[in-house]
Every structure is written in C-alpha cells, then in structure tokens.
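Below: one structure, written as structure tokens.
Letters A, B, ... mirror the listed sequences (proteins, then strands); counts begin at 1. As a basis for the values below, the full set of heavy atoms in this structure was taken, side chains included, without hydrogen atoms, waters or symmetry mates.
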Amino acid sequence: MTEQNAPEMAENEYDVAAIQEKWLPVWDELRPFDSGKAGDTRPKKYVLDMFPYPSGDLHMGHAEAYALGDVISRYWVQKGFNVMHPIGWDSFGLPAENAAIKRGLDPKGWTYDNIAQQKSSMRRYACSFDWDRVLVTSDPIYYRWNQWLFLEFYNKGLAYRKNSNVNWCPSCQTVLANEQVVQGLCERCDSVVTKKALTQWYFKVTDYADRLLDDLDTLEGNWPSKVLSMQRNWIGRSHGADVQFEIEGRTEPVTVFTTRPDTLFGATFMVVAADSALAAELAADSNPEVQKAFTNYLEMVKQSNDIERLATDRPKTGVDLGRFAINPVNGEKLPIWASDYVLADYGHGAIMAVPAHDQRDFEFAKAMNLPIRTVVDVKDEAGISIDPATGDAPTTAAGTLINSGPLNGLGKLEAIDKIATILEADGKGNKTKNFRLRDWLISRQRYWGTPIPIIHCNNCGEVPVPADQLPVLLPSAEGLDLKPKGTSPLGGATDWVNVDCPKCGIPAKRDTDTMDTFVDSSWYFLRFLSPNSTEVAFPVGEAKAWAPVDQYVGGVTHAILHLLYARFVTKVLHDLGYLDFEEPFTRLLNQGMVLMGGSAMSKSRGNLVALSEQLDEHGVDAVRLTMSFAGPPEEDIDWADVSPAGSAKFLARAWRAANDVKSAPGLSPVGGNAELRKATHSFLRDFGPLIENFKFNVGVAKIMELVNALRKAIDGAAGGADPAVREAAETVAKALSLFAPYTAEDMWQKLGHQPGVALAKLAEADLSLLVESSIVAIAQVDGKVRDKFEVPVDITEDALRELALASDAVKKAIGDKEVANVIVRAPKLVNIATK
RNA sequence: GCCUCCAUAGCCCAAUGGCAGAGGCAGACGACUUAAAAUCGUCAAAGUGUGGGUUCGAGUCCCACUGGAGGCACCA
C-alpha cells in the first residue's frame with residue numbers, strides 16, 4: 001500500500017463506528033420523525049412500542065422490541081404518513097424502591113439516572129422516536145393525571161375500598177393484584193404469596209367483564225390469537241344458574257351458583273368456603289363441638305398458601321357444620337359442610353354438591369362418606385350405563401336425566417332450560433353467569449408510586465382531593481423509612497399525612513397507599529398526545545385525530561396484565577365521554593424473547609449477553625438487522641443461533657455496492673440492464689406486503705437477494721454506470737433504512753443525495769417490466785413431475801394438455817395404466833391422474 | 001385435567017393446495033494474495049417429527065400420536 005492511495009482506501013472502507021458518529025448530529029438537525037408540525041397534511045398513524053421500566057441500561061430484549069417497532073414506524077414514515085412514534089418511561093415501581101433501600105438512596109435519583117442512560121442508548125440505537133413527545137410516569141406532571149383518572153373512576157363508582165382476604169407478598173410486604181400472582185408466586189420476587197385480610201382500593205373491572213370478553217372478537221385477526229385466548233381464559237365467563245336454598249334455622253336463604261342446574265336433583269350436600277363470613281356464621285350458630293372443629297379447621301386453612309391449594313392431588317378436607325339446607329326442588333335436607341375447595345370470592349362462596357357428576361364433589365363425598373346419587377344416565381363405550389355411585393369416578397358428560405322428577409328423559413340443555421323455568425316460577429333461582437376475573441386491587445403499601453388522592457375524615461369519611469389541589473405530591477423520601485413493613489412508608493411523613501378535611505375543615509389524614517404502577521401504564525398512550533399539558537390528561541380532539549394506537553408492539557408477558565387493564569380503562573374513558581373508541585390498540589405485534597443457549601438470559605444462569613458489548617463489536621445496524629432477520633418476530637431468538645457478524649458482512653456488501661455506482665443522481669432507469677431492473681421491480685412488488693404482514697425476516701432476505709443481483713450487474717456486463725444499477729442501489733438504500741439506518745443513510749450520501757433517506761419513498765413497482773412472454777410448464781403424472789416445457793404464458797388449456805400428453809416422459813410414466821383424469825392449470829401445470 | 005401454538009438441509013429460516021429453497025450461518029472448492037484475512041465466485045446438503053385421511057395433487061387442509069413452548073386450573 002502506498003501513501004497516495006491510503007485516503008482512497010478509507011473512502012472505500014465500511015467503517016461502522018465512523019458512520020455512527022457521523023449521522024447522529026445530522027439527524028438531530030433534520031428531525032425526520034417529528035409528528036407535531038403545524039400544517040402537516042400527511043395522513044396520521046400512531047405506532048407505539050411498550051415503554052420501558054428504567055431498571056438499568058437497555059438490554060437485548062429492548063434491542064429486539066425497538067428494532068422491530070422501528071421497522072414498522074419507519075416503514076409508514078417512508079410511505080408518506082405522519083407517524084407518531086413516542087417513547088416514555090414507566091418509572092414508578094418496586095425495583096427503584098428496592099434498589100434505593102439497598103443502597104440507602106432516594107428512588108428518584110436511581111430512576112432518573114437510569115432514564116438518562118436509556119435515553120442516550122436509544123439515541124445511539126437510532127430509534128425513530130419523536131423526542132418532543134416524552135413522558136415519565138414518576139413526574140408530577142404525569143401522575144397528577146393519574147390522580148385525576150383515579151378520581152374519575154371514584155366519582156363513577158368504579159373505585160372503591162373493601163376489606164377482604166387479599167394476596168400478600170411477605171417479601172415485598174405489599175398486596176398484589178390477582179394478575180400479579182403467577183402459579184402462587186409473586187410475579188416480582190417469586191416469594192410464596194399468602195392471604196391477608198386488609199382494606200384495599202379496587203377498580204371495578206368486573207363491571208366490564210362482558211365487554212372485555214365480547215370485544216375481543218373485534219380484535220380477531222389484528223391481535224395474536226394467543227393473546228386473545230389468554231384474555232378469554234383469564235376473564236373466564238361461565239354460564240349457569242343461581243339457585244336459592246333455604247337454611248334450617250336461618251331467615252335468609254343461601255344462593256349458590258352452578259353451571260349444571262340440570263343436576264339439581266343429584267345434590268346430596270352443600271359446601272361453603274371455609275374462609276367465608278357465611279361459614280363462620282353457620283358454625284357460630286351450631287353446637288359447641290362444631291364451633292371448635294370449625295375454628296381448628298379454619299386455622300389450618302389460613303396457614304396453607306396458594307402453592308398448596310394449587311396441588312391437584314391434594315386430598316379433600318372439611319368440617320360438617322351440623323346445619324342443613326333444603327333442596328328447593330324436592331325439599332330434601334342437605335348437610336352443610338365447610339371446605340377450602342370452595343372459594344370465598346367466586347360465585348357466592350357456596351355450592352350445591354353433586355358428587356355423581358362433578359370430580360371435586362365426588363372426591364369430597366368419598367372422603368367424607370357422603371351419599372352419591374346418579375341423575376344423568378351416561379353410557380360407556382359398550383353402551384352400558386355408568387353408575388358413579390358404585391364406580392370410582394363421576395360422569396361429567398351429557399346424558400339423559402334420571403331420578404330427577406320433571407326432568408326425567410330430557411337431555412342436558414333441555415333440562416337446564418326446564419329447571420330454570422321451574423326455579424324462576426317459584427322465585428328460587430334464575431339463569432346467570434359468573435366470571436373468573438376479579439376486581440383489580442390497585443393500592444400498594446409502598447413509597448415509589450402515585451399517592452391515592454383521598455383524604456379520610458372522621459366526619460365525612462372518604463373525601464376526594466379537590467381538583468385544584470392536585471397533584472398530591474409524593475413527599476420527599478428523606479427521613480422516611482422505606483423498608484417494607486406492611487404499612488405504607490408514606491404514613492411516616494407526618495406533615496404530609498395530616499391535612500384539614502377539604503369538606504368540613506377538621507383535622508383529617510391522607511390515604512397513605514400508592515397506586516399499582518399498572519394504573520400508570522393503563523392510559524399512558526393517551527398522554528403522548530400532550531405529554532406536557534397542565535390543563536388536561538389528554539386533549540379530546542387530538543385523541544380523535546390520533547388514537548387509538550394503530551400499531552402496538554411489545555412482549556407477550558403483558559398479555560393479561562397491562563393489555564387487559566388498558567382495554568378496561570379505555571372503555572371507562574369512552575363511557576365517560578372522553579374517547580370515541582373502545583379498544584386502545586387496533587393492531588398488536590408481540591415479539592418473542594431473546595434467549596441465549598436455549599434459555600432466558602439471566603445473571604444467575606450466567607448466560608447474559610450485554611447489548612452494549614454487541615453494539616461495540618458489531619455496530620448498531622448489524623444488531624438491529626440481526627433482530628429483524630433472525631426469524632418471524634413473534635418467535636424467540638436464540639442469540640447463539642444467529643450471526644450479527646454475518647449481518648455486518650452483508651451491510652458492508654450493500655454499502656460497497658452503493659460505492660460502486662458510477663452514475664449521477666437523477667438518472668432515469670429506463671433502458672438500463674433489463675435483468676437487474678426486473679430484480680428491482682419484483683423486489684418493489686414484494687417488499688411492502690412483507691413488512692405490513694410482519695415478515696421482516698423475509699423482507700431482509702429480499703434485500704439480500706437484490707444486493708446479490710446488484711453486485712452481479714456491477715461486476716458483469718452492466719457495469720457501475722448502468723442506470724439500472726443506480727435504480728437498484730437506491731432501492732436497497734431506502735429499503736435498508738428500515739433495518740440499518742446508519743448504513744442506509746451513508747449509502748444514500750454515497751449515491752449523491754442530501755441526508756434523509758428515511759423520508760425517501762420507495763418507487764412503485766413497474767409491473768410491465770415483470771411480464772414474461774414464456775413460462776416453464778410442468779407435466780405431472782399422479783402428482784409427480786415427469787416433464788417440463790417452455791410455453792407461451794397465454795397458452796390455451798387444450799394446447800397445454802396436448803403438449804403434455806405428447807411428451808415421451810409422460811407417456812412412459814403412464815405406461816399401460818388408464819388415464820382417469822387430466823387436470824390443466826394453464827400455463828403452469830398439467831396433472832394426469834391414472835386409475 | 002382443559003385450551004393455544006410449534007416441528008422443513010448440520011444450524012437459523014423461506015415456500016397464494018401445484019417443480020421442497022428465497023435468504024443467511026457453518027462447510028467444501030476455486031479466483032485474487034508470497035501467504036493469510038477480507039473480497040468475488042462455484043458447489044454440496046433435507047423429501048418436510050410419526051401414522052392415517054381428504055384431494056388429480058398435501059410441507060400446507062382434517063384426525064390421531066410423539067416431542068417442545070405457552071396459557072388456565074379445587075372457578076362449582
């Protein structure tokens with residue numbers, strides 16, 4: 001190498017680090033992704049990535065999510081849309097608080113340091129965010145509106161306080177929503193969740209259960225079916241009937257819910273949830289031995305946790321309460337038992353037990369030696385009636401009703417209808433439905449969250465903080481004991497807690513709980529419309545123009561937590577007149593996880609891959625491209641299986657091709673190398689639909705294909721000056737800008753253009769270039785290819801049939817078999833079926 | 001126990017019911033080089049987890065099974 005050609009070498013070298021340095025400041029100037037410019041007439045589109053929790057720097061999971069979200073967002077920008085693609089931080093929550101306790105710091109400092117770091121990483125990662133629309137949920141300007149939301153719910157009767165047995169994490173020392181208990185463990189820290197009787201705040205999500213379930217149908221096709229089925233499972237609607245049983249020695253009847261009212265004649269006992277008020281009352285009015293046995297049993301039940309309860313092979317336990325219920329259809333006396341297999345907070349906390357036709361009731365009857373009466377005749381494979389009373393299992397299938405008075409001879413559905421009619425006529429019951437979904441417990445006994453804007457007054461009770469006194473600012477953490485102790489740390493901020501009642505003026509106290517952070521994230525997508533407004537949570541008019549979110553991108557881990565809550569809050573805001581739509585996210589893409597060596601990355605497993613190291617080693621573009629190219633976006637990526645180095649190699653190859661273009665910009669491609677033009681325009685035809693259908697990996701493969709064709713043309717007959725070469729190279733640069741913005745921008749400059757490849761539209765495919773005059777037709781015999789011939793594209797069916805039948809190879813394959821049928825699909829195929 | 005989803009070259013993955021291969025990784029060979037790297041090029045490699053069925057024709061649709069991933073679960 002001589003000194004003279006050294007600078008030229010640098011010019012022809014793909015230098016990842018230099019390119020990254022070069023373009024960031026240019027883009028800062030150019031701001032191609034602003035969405036709030038006045039007079040912007042482009043059609044609007046709202047693309048949203050789930051916002052991160054600032055628990056440290058960005059990791060590989062973020063890198064995947066934001067790479068994929070960026071492909072979609074940049075695609076629509078390139079198509080000429082005014083795309084709103086904002087970002088923010090879900091910055092309240094336990095990790096900040098725990099980290100702060102560990103280090104003796106204010107959670108605020110830890111949180112905002114992490115936000116700054118993530119923000120800088122996102123800029124380097126070249127995310128196409130609109131940096132004018134940023135929100136941070138722990139900013140008072142945000143959580144003031146969180147408090148507004150709470151009060152809207154409160155005033156509508158959708159936020160309320162009640163005392164009940166709640167999920168309690170002994171490690172986090174706070175309550176958990178049902179959705180935050182996974183397999184009996186705390187979602188956050190994996191501690192075994194226990195139950196505790198506490199007064200807590202709830203959002204009445206159950207009021208919306210039907211709509212939350214039914215409206216999932218409107219998302220069909222636009223949301224992953226997996227998420228739809230998870231939500232359906234979670235809401236868990238079952239249809240059945242309420243039936244009222246008189247209780248001996250009690251004025252009020254007890255109502256039970258059953259999905260099998262047809263089996264009412266087979267009820268042989270009743271079971272009430274051991275931990276319910278009803279059980280305690282029935283026991284209290286019973287004889288002393290029962291009282292004692294019940295107290296002992298209840299003690300045992302309280303000590304068991306969800307893990308034990310979930311064990312399916314757990315033997316049935318219970319206590320006979322010495323009381324009796326009267327079967328409303330036949331007047332039979334049914335003994336009442338208390339057991340923990342009946343849940344206090346589902347249905348009415350009491351069931352009618354039909355051991356012949358329910359697995360759990362059957363097990364209980366066997367354990368307690370209670371009678372079993374068959375009322376549904378179910379036949380086995382041999383056609384012989386099965387009798388659970390003498391067998392070892394209940395029958396749960398449909399069958400003909402027996403031993404059931406007026407229901408005898410009916411099938412299941414007819415029997416259900418008839419018994420419902422009978423019960424309704426007597427005022428003893430009615431058809432109804434029940435949900436697995438419970439109300440959303442939103443209060444937390446922790447510091448780092450939105451204070452609940454309620455004041456408790458001895459005179460007035462719960463008093464909402466007046467709007468003009470919002471926000472209720474979180475008191476400084478200084479001097480507060482943040483360590484979890486079961487009551488909110490805010491209770492220690494005496495000056496803050498003690499206030500005068502806004503209604504009557506006497507000394508009162510603030511509510512010291514904070515809100516579940518899922519409240520913060522349940523409506524944040526609306527706040528991006530005016531992240532800095534001090535007047536409104538979000539402007540109703542802007543919401544009409546931008547919302548709902550056209551495309552939401554995020555992990556499947558939020559399938560039932562965040563996505564269900566956001567749907568619920570949207571429906572409430574709709575009903576309050578703030579929104580004209582009922583579903584927040586029109587289209588949803590769930591990206592998979594990034595694994596390493598077959599399992600999720602974790603420090604303890606020792607398979608953590610640091611994003612920053614990957615970026616340093618391969619460059620931003622190569623990492624982003626690898627995320628898109630690895631496979632379908634919803635599948636997990638095993639980092640051990642993919643090749644960021646290969647991606648970098650490809651990017652360099654594409655970049656070099658642009659460097660080899662020897663014509664001036666603005667050159668018409670007409671008359672250029674025909675083969676390359678064909679490759680370019682078949683790419684242009686295929687690319688858009690692939691991206692719109694999330695087939696990013698295939699889209700990248702198509703770009704690679706085009707780069708290969710481009711290389712061949714440059715090195716071959718066409719040469720670097722051919723107009724088709726320029727056309728192909730510009731197409732590559734534009735398409736590549738969705739995946740590898742730095743490389744694409746640099747290519748764009750090499751091709752002689754001003755910065756801003758992100759805004760350069762891809763050309764429409766010229767389909768006339770793709771018209772072929774002839775095509776290779778195949779001739780099959782019994783589905784196997786036997787011959788091929790080149791035919792005109794407009795060949796008639798008859799002509800193609802003749803051609804195929806005349807082929808020697810076809811004749812040989814037919815042999816002496818008789819031709820049964822000849823299928824012709826001109827011009828591509830003939831299939832000859834023999835007998 | 002109930003409900004989803006997945007299975008294609010050594011690996012990651014393509015394939016409107018119509019010739020199993022678009023693309024990549026790894027591999028072999030060649031060109032360039034004193035040599036290597038880089039680059040450019042050429043090649044090899046599976047009959048689609050198993051067994052049935054529908055069809056003129058099945059990787060694709062249906063059923064069963066095996067293996068893997070996920071959700072719900074004492075919810076009456």
Quick one: [atom1] on [X] to [atom2] on [Y], what's the gap to the nearest 0.5 Å?
X: A:Trp337; Y: A:Thr317; atom1: CH2; atom2: OG1; answer: 10.5 Å
X: A:Asn178; Y: A:Asp345; atom1: CG; atom2: CG; answer: 7.0 Å
X: A:Glu705; Y: A:Asp686; atom1: CD; atom2: CG; answer: 8.5 Å
X: A:Thr206; Y: A:Ile235; atom1: OG1; atom2: CD1; answer: 11.5 Å
X: A:Lys750; Y: A:Arg656; atom1: NZ; atom2: CZ; answer: 12.5 Å

Starting at the 5' end of RNA chain B, which residue's closest nucleotide do you reach first, A:Ile832 or A:Met704?
A:Met704

Residue whose nearest RNA chain B nucleotide is more 5′ - A:Asp641 or A:Val700:
A:Asp641

Nearest to the side chain of [X], which nucleotide is it out of [options]?
X: A:Gln780; options: B:rG18, B:rC40, B:rC11; value: B:rG18
X: A:Lys226; options: B:rA22, B:rG70, B:rC19; value: B:rG70
X: A:Asn831; options: B:rC25, B:rG57, B:rC40; value: B:rG57
X: A:Phe257; options: B:rA76, B:rC72, B:rC56; value: B:rA76
X: A:Arg711; options: B:rC19, B:rG70, B:rC40; value: B:rC40
X: A:Lys788; options: B:rG23, B:rC19, B:rC72; value: B:rC19
X: A:Ile351; options: B:rC40, B:rA76, B:rG24; value: B:rA76
X: A:Arg825; options: B:rC56, B:rC19, B:rC13; value: B:rC56
X: A:Arg656; options: B:rA76, B:rC19, B:rU39; value: B:rU39
X: A:Pro632; options: B:rC13, B:rG24, B:rA76; value: B:rC13

Flag for A:Ser238-A:Asn434: side-chain donor and acceptor within less than 3.5 Å
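The answer is no; no qualifying pair exists.
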
If you measure only the distance, is there a donor-acceptor pair under 3.5 Å linking the side chains of A:Trp234 and A:Glu179?
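Judged by distance alone, the side chains do pair up.
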
When the distance from [atom1] of [X] to [atom2] of [N] is rounded to whole Å, what number comes out?
X: A:Gln231; N: B:rC3; atom1: CD; atom2: C1'; result: 15 Å
X: A:Lys433; N: B:rA76; atom1: NZ; atom2: P; result: 15 Å
X: A:Glu635; N: B:rC6; atom1: CD; atom2: P; result: 8 Å
X: A:Asp638; N: B:rG68; atom1: CG; atom2: C1'; result: 14 Å
X: A:Ile637; N: B:rC13; atom1: CD1; atom2: P; result: 9 Å
X: A:Phe629; N: B:rC25; atom1: CZ; atom2: C1'; result: 9 Å
X: A:Leu216; N: B:rG71; atom1: CG; atom2: C1'; result: 14 Å
X: A:Asp660; N: B:rU39; atom1: CG; atom2: P; result: 14 Å

When both hydrogen-bonding distances must be under 3.5 Å and the geometry is Watson-Crick or G-U wobble, what is [N] paired with, if anything?
N: B:rG18; answer: B:rC56
N: B:rU39; answer: B:rA31
N: B:rC65; answer: B:rG49
N: B:rG1; answer: B:rC72
N: B:rA44; answer: none

Counting any heavy atom closer than 4.0 Å, what does [X] reach on the DNA or RNA strands: base, sugar-phosphate only, or nothing?
X: A:Ser238; result: sugar-phosphate
X: A:Asp361; result: nothing
X: A:Ala833; result: sugar-phosphate
X: A:Arg438; result: base

Check the phosphate of [N] against [X], side-chain N and O only, distance under 4.0 Å to OP1 or OP2. Yes or no?
X: A:Lys784; N: B:rG18; value: no
X: A:Asn697; N: B:rC12; value: no
X: A:Lys649; N: B:rC25; value: yes
X: A:Arg232; N: B:rC2; value: no

For nucleotides [N] and [M], find the distance between their [atom1] atoms and express it as a whole number of Å.
N: B:rC13; M: B:rU33; atom1: P; answer: 40 Å
N: B:rU39; M: B:rG57; atom1: P; answer: 49 Å
N: B:rC2; M: B:rU16; atom1: C1'; answer: 35 Å
N: B:rG23; M: B:rC62; atom1: C1'; answer: 32 Å
N: B:rC65; M: B:rC3; atom1: P; answer: 11 Å
N: B:rG70; M: B:rC74; atom1: C1'; answer: 22 Å
N: B:rA20; M: B:rC5; atom1: P; answer: 28 Å
N: B:rG67; M: B:rG51; atom1: C1'; answer: 15 Å

With syn defined as a glycosidic angle within 90° of 0 and anti as the rest, where does B:rG47 land?
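Syn for B:rG47; the angle stays within 90° of 0.
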
Is there a donor and acceptor pair closer than 3.5 Å between the side chain of A:Lys316 and the base of B:rC74?
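Yes, a donor-acceptor pair under 3.5 Å.
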
Please determine whether any donor N or O and acceptor N or O are separated by less than 3.5 Å between the side chain of A:Gln359 and the base of B:rG1.
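Result: no qualifying N/O pair found.
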
What do you reckon, are the aromatic ring centroids of A:Phe364 and A:Phe269 less than 6.0 Å apart?
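Ring centroids of A:Phe364 and A:Phe269 are less than 6.0 Å from each other.
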
Working for side-chain contact (heavy atoms from CB on, under 4.5 Å), residues A:Phe683 and A:Ile703
CA-CA 8 Å; A:Phe683 171 85; A:Ile703 302 177; 3.6 Å; yes

